[in-house]
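Notes for the one structure printed next.
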Amino acid sequence: MLSEASKNSIVGVKRLLGKDYDEEMVQDDMSKVFTSFVKGPNGEVLAQLKYGNGTRNFTMEAVYAMILKKQLEVADGYNMKDGSKAPPVKEAVITVPDYYTERQRRAVLDAAKIAKIDVLGLMSEHAAAALAWGILRKDRLPEAKPTTVAFIDIGYGSSAAYVVDFTKAGMTVRGVATDPNLGGRELDLLLVERFGKEFKEKFGTDYKTSLRAAGKLRLACERAKKVIASRVPLAFVKIDFFMDGIDVKGELKQEEFEDLCGPFVGRVLKLVGRALEEAGVSTQDIQTVEVVGGAMRPPPVTDALGKFFGKTVDKTLMPDECISNGAALKAAILCPRFRVKDYFVHD
Ligand SMILES: Nc1ncnc2c1ncn2[C@@H]1O[C@H](COP(=O)(O)OP(=O)(O)O)[C@@H](O)[C@H]1O
Ligand SMILES: [Mg+2]
């Protein structure tokens with residue numbers, strides 16, 4: 001997709017929503033993608049996209065609204081377990097990253113308004129994942145002395161670690177730490193640099209001179225990362241017609257990937273350390289470690305977490321879906337039409 005329409009795709013909208021064009025993080029993000037952005041009349045970020053025969057500027061709220069509408073479309077008419085069709089969705093609980101400011105939260109509400117969604121409430125991503133964890137185990141959880149769980153969520157461009165106490169009746173978030181600039185994207189960029197250099201030396205192709213090639217390389221590297229993360233010994237970065245009709249191919253060995261992940265893993269552990277400190281607990285106080293988020297999959301990450309906590313790292317939640325599951329459960333709790341027993345959330 002990036003290679004075909006790299007300039008007409010927007011990646012990481014969630015990170016640009018409710019932010020100013022001139023902010024450092026925004027500038028940095030914009031330098032890592034292929035879309036054209038311009039500064040709006042109020043200093044906001046506008047994506048300049050091809051539209052019909054010309055170009056058109058889109059606010060991040062408008063783009064986010066399109067994503068929300070698409071989600072409604074997917075949910076509408078969903079086949080239920082009993083064979084019936086789900087009724088159209090009008091109300092929703094929407095999750096937001098833990099680092100979101102008041103203004104970013106307002107931008108989400110504006111996007112929801114454009115998408116014509118009645119927002120029952122905004123919920124932090126950490127609370128949503130934890131709620132999904134807790135409700136599933138409600139009956140097995142203790143009445144009084146809580147079970148303490150450490151969650152590590154590693155996403156595309158940001159990550160969070162949090163410590164939560166669970167009992168039968170509800171959950172209390174004890175501490176949260178976030179790193180808004182740590183995520184799977186970092187690994188993609190390291191691979192792009194590594195293979196970009198190899199291909200330049202071997203094949204004389206310099207991706208830095210072609211947006212299209214840069215897009216292809218990014219996609220191929222992300223794909224290789226996913227393959228090598230499944231613990232196979234070897235993955236390939238292979239691109240036909242990379243540049244000037246030249247095909248390129250390179251190898252990524254598991255050991256090399258592990259080395260490459262070193263600093264990344266270091267940052268993950270630092271983030272976890274901050275969350276424990278915030279919660280006032282040590283690794284011994286943690287009964288269970290649960291990882292979520294797409295980018296927790298590389299073995300060096302889970303191996304290091306296992307060593308750090310001295311226990312197996314659980315993946316009992318669906319890493320890509322648990323946050324939306326938590327939001328859906330919260331919506332069901334809030335909605336009188338559904339009979340879901342309350343589970344309190346102290347955040
Ligand atoms: N199988 C996989 N192996 C390694 N990384 C993966 C895999 N699947 C997804 N990822 C990475 O996870 C990240 C997306 O995680 P996600 O939790 O969906 O992001 P966010 O919640 O920040 O939008 C991306 O960097 C993606 O490359
Ligand atoms: Mg995620």
Side-chain angles (χ1 to χ4, degrees), residues 1-2 9-17 19 25 29 32-33 60 63-64 67-68 70-71 74 94-100 104 108 111 122-133 151-162 176-192 195 215 217-237 252 254 256-258 260-261 264-265 267-268 271 290-305 313 315 317-328:
M1 281 184 326
L2 262 184
S9 309
I10 311 180
V11 185
V13 181
K14 197 166 100 176
R15 296 173 57 78
L16 301 174
L17 192 64
K19 293 230 145 209
M25 173 188 164
D29 268 23
K32 288 175 179 163
V33 295
M60 290 305 108
V63 177
Y64 204 69
I67 298 173
L68 290 173
K70 181 70 195 172
Q71 287 173 321
V74 172
I94 301 179
T95 59
V96 290
D98 316 284
Y99 61 82
Y100 257 28
Q104 288 176 290
V108 171
L122 295 182
M123 188 179 196
S124 287
E125 289 180 354
H126 69 257
L131 181 64
W133 192 94
F151 291 86
I152 298 97
D153 176 355
I154 309 177
Y156 163 75
S158 67
S159 298
Y162 35 103
V176 183
T178 59
D179 186 336
N181 296 308
L182 175 68
R185 179 180 68 174
E186 298 306 306
L187 297 177
D188 303 342
L189 293 173
L190 287 174
L191 291 173
V192 163
F195 284 96
L217 184 59
R218 177 83 74 87
L219 274 188
C221 286
E222 187 182 9
R223 217 174 293 133
K225 174 188 75 176
K226 289 181 181 175
V227 173
I228 203 80
S230 65
R231 284 194 195 268
V232 292
L234 190 66
F236 295 97
V237 176
L252 176 64
Q254 187 65 245
E256 189 193 348
F257 181 62
E258 278 163 25
L260 201 97
C261 283
F264 181 83
V265 168
R267 287 175 69 189
V268 171
L271 176 70
E290 179 82 31
V291 282
V292 299
M296 63 72 186
R297 292 184 175 95
V301 175
T302 37
D303 290 353
L305 286 170
V313 170
K315 298 175 192 165
L317 291 172
M318 282 180 283
D320 305 307
E321 290 165 28
C322 57
I323 290 175
S324 29
N325 287 347

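Numbering of ligands and ligand atoms starts at 1, following listing order. In what follows, every heavy atom counts, from backbone to side chain, and hydrogens, waters and symmetry copies are set aside. When a residue number appears, it is its place in the shown sequence, counting from 1.
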Atom 7 (C) of ligand 1 - nearest protein heavy atom and its distance: Arg297 NH1, 3.4 Å

Identity and distance of the protein heavy atom lying nearest atom 22 (O) of ligand 1: Tyr156 N, 2.9 Å

Considering the heavy atoms of [X], write down every atom of ligand 1 situated less than 4.0 Å from one of them.
{"X": "Ala229", "answer": "3 (N), 4 (C)"}
{"X": "Lys225", "answer": "5 (N), 11 (C), 25 (O), 26 (C), 27 (O)"}
{"X": "Glu222", "answer": "24 (C), 26 (C), 27 (O)"}
{"X": "Arg185", "answer": "25 (O)"}
{"X": "Gly184", "answer": "25 (O)"}
{"X": "Lys14", "answer": "20 (P), 21 (O), 22 (O), 23 (O)"}

Examine [X] against ligand 1 and note whether any of their N/O atoms are separated by less than 3.5 Å.
{"X": "Gly157", "answer": "no"}
{"X": "Gly293", "answer": "no"}
{"X": "Asp153", "answer": "no"}
{"X": "Asp320", "answer": "no"}

Ligand 1 contacted by Glu125 (non-hydrogen, < 4.0 Å): no

Tyr162 and Phe151 aromatic ring geometry - parallel, tilted or perpendicular at 30°/60° bounds: parallel

Expected output: side-chain Asp98 to main-chain His126 donor-acceptor under 3.5 Å: yes

Donor-acceptor under 3.5 Å (Arg15 side chain, Asn181 main chain): no

Short N-O contact, Arg185 and Asp29, less than 4.0 angstrom: yes

Identified side-chain contact (heavy atoms from CB on, under 4.5 Å) partner of Ile228 from the options Leu187, Leu252, Leu260: Leu252

Residue among Leu131, Leu317, Asp153 satisfying side-chain contact (heavy atoms from CB on, under 4.5 Å) with Ile323: Asp153

Output the distance between atom [atom1] ([X]) and atom [atom2] ([Y]), rounded to the nearest 0.5 Å.
{"X": "Leu305", "Y": "Ile152", "atom1": "CG", "atom2": "CD1", "value": "5.0 Å"}
{"X": "Asp303", "Y": "Arg231", "atom1": "CG", "atom2": "CZ", "value": "4.5 Å"}
{"X": "Ile94", "Y": "Glu125", "atom1": "CD1", "atom2": "CD", "value": "12.0 Å"}

Within reach of ligand 1, part of Lys226 (heavy-atom separation under 4.0 Å): both

Pairwise side-chain contact, Lys14 with Val96, heavy-atom cut-off 4.5 Å (strictly under): no

Among Gly294, Gly155, Ala224, closest by any non-hydrogen atom to atom 10 (N) of ligand 1: Gly294

